Amino acid sequence: MSESRINDIAAKVEAGQRLTAADGTFLFSPEVDLHAVGHLADLVRRRKNGDAAYYNLNHHINPTNICIYRCGLCAYSCDEGDPQAYVMSSDEVLARAKEASDAGCTELHLVSGAHPRKNFDWYLGITRELHAAFPRLQIKAWTAVEIKRFAETAGQPVRSVLKELMDAGLGSMPGGGAEIFDSQVRARICPRKVDGQTWLDVHRTAHQLGLRTNASMLYGHIETIEHRVDHLVRLRRLQDETGGFQCFVALKFHPANTAIADVEPAFATEDLRMVSVSRLMLDNFDHIKAYWVSLGVGVAQTALAYGADDLDGTVRHERIHHAAGAQSPDMLGVERLRSLIVEAGCQPVERDSLYRRVLRDGEEWRVEDGEDLGNRKLV
Ligand code: SF4
């Protein structure tokens with residue numbers, strides 16, 4: 001039964017047909033040969049991206065870790081007054097951006113806590129100041145959770161908040177805050193923040209405005225296989241509608257210092273299966289990211305043969321996954337990233353936030369004109 005079922009799915013994949021939710025559930029089963037699933041995912045990955053594997057040069061900035069939501073899954077956030085709590089000054093944020101610019105980065109990745117006494121203008125001001133001071137750094141910032149909070153504090157619709165941010169220099173949005181869309185799981189791991197439908201609605205609005213975004217899933221905590229499949233199908237449905245997602249990243253849950261610290265972290269085999277099934281189910285996503293900070297360097301590199309085509313970036317100053325016990329290094333140098341990709345049998349391609357190829361000549365860099373690395377046309 002299992003063998004004939006995988007053969008049926010293989011025939012669909014080879015013919016470029018869409019897999020059903022039931023197919024996804026089957027492929028997640030630990031009884032199905034991981035390497036057979038990985039082989040199928042690699043077929044799709046090569047069809048979409050050949051042997052290219054993408055990376056970028058980026059630094060992270062998290063302006064504050066004070067957050068009103070205090071999700072059970074989070075090891076990073078604090079209440080005001082906690083000895084670990086911090087709020088970066090404008091000078092500190094700009095100094096971080098200068099460091100990124102001096103290091104040749106093309107991207108700043110900004111996500112933050114929802115501070116109880118900082119309104120939309122504070123986050124908008126950070127976006128504007130960064131863009132004014134470093135116009136060549138692409139600002140990929142603010143999760144859908146934060147955008148919804150900005151709208152609430154500003155008393156404005158999400159659409160106008162996004163427009164103001166785009167006018168201030170926002171270039172794209174990260175995929176964080178999606179966790180698992182299922183409401184019962186959210187009620188246990190992040191009961192106070194936006195529900196799954198709101199997360200999707202914010203991204204829909206962003207796509208309608210021409211803003212590209214990423215998508216994510218946090219896995220390996222209390223969710224079931226059915227919850228994962230439901231999450232992927234809901235992302236796929238929105239991508240059918242808008243085409244605005246650039247990539248999907250499956251984020252591995254790290255339990256240390258969270259309210260659910262007794263959860264056993266996923267094994268590497270489960271991580272690889274997650275990448276592969278994502279690649280197979282999300283047939284309308286161009287890119288599947290193996291985020292080395294979350295997966296660990298070795299698993300992320302291996303994932304390049306299991307459906308992933310992107311390792312993310314050099315990632316200096318990541319705090320969120322490391323606060324929860326991720327053992328990955330503090331950053332990776334460009335040569336290390338490139339050699340990981342070559343060792344995996346792929347061709348390293350530096351990209352910018354929008355998956356355009358970056359060309360370098362000494363300290364100068366530019367985005368290759370006219371080349372579209374597979375991004376989809378927006379609605
Ligand atoms: Fe706040 Fe995000 Fe942490 Fe939840 S996961 S507490 S929204 S920083």
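Atom set for the values below is all heavy atoms of this structure, side chains included, hydrogens, waters and symmetry mates excluded. Remember, it's 1-based here, ligands and their atoms both numbered in the order they're listed. Note that this is a predicted model, so its numbers are computed, not measured.
Looking at atom 2 (Fe) of ligand 1, its nearest protein heavy atom turns out to be K193 NZ, 4.0 Å.
Take T153 and apply the side-chain hydrogen bond (donor to acceptor under 3.5 Å, both in side chains) test, not counting sequence neighbours, and it matches no residue. Residues passing the side-chain hydrogen bond (donor to acceptor under 3.5 Å, both in side chains) test with R360 are E350, sequence neighbours excluded. Residues passing the salt bridge (charged side-chain N to carboxylate O under 4.0 Å, His left out) test with D167, sequence neighbours excluded: none.
The aromatic rings of Y355 and H287 sit parallel, their planes meeting at an angle under 30°, below the 60° perpendicular limit.
Protein contacts to atom 3 (Fe) of ligand 1 involving N, O or S atoms at a distance below 2.8 Å are C74 SG.
Nearest heavy atoms, Y123 versus G113: OH-O, 2.8 Å.
Using a distance-only test at 3.5 Å, with no hydrogens or angles considered, a donor-acceptor pair links the side chain of T302 to the main chain of G298.
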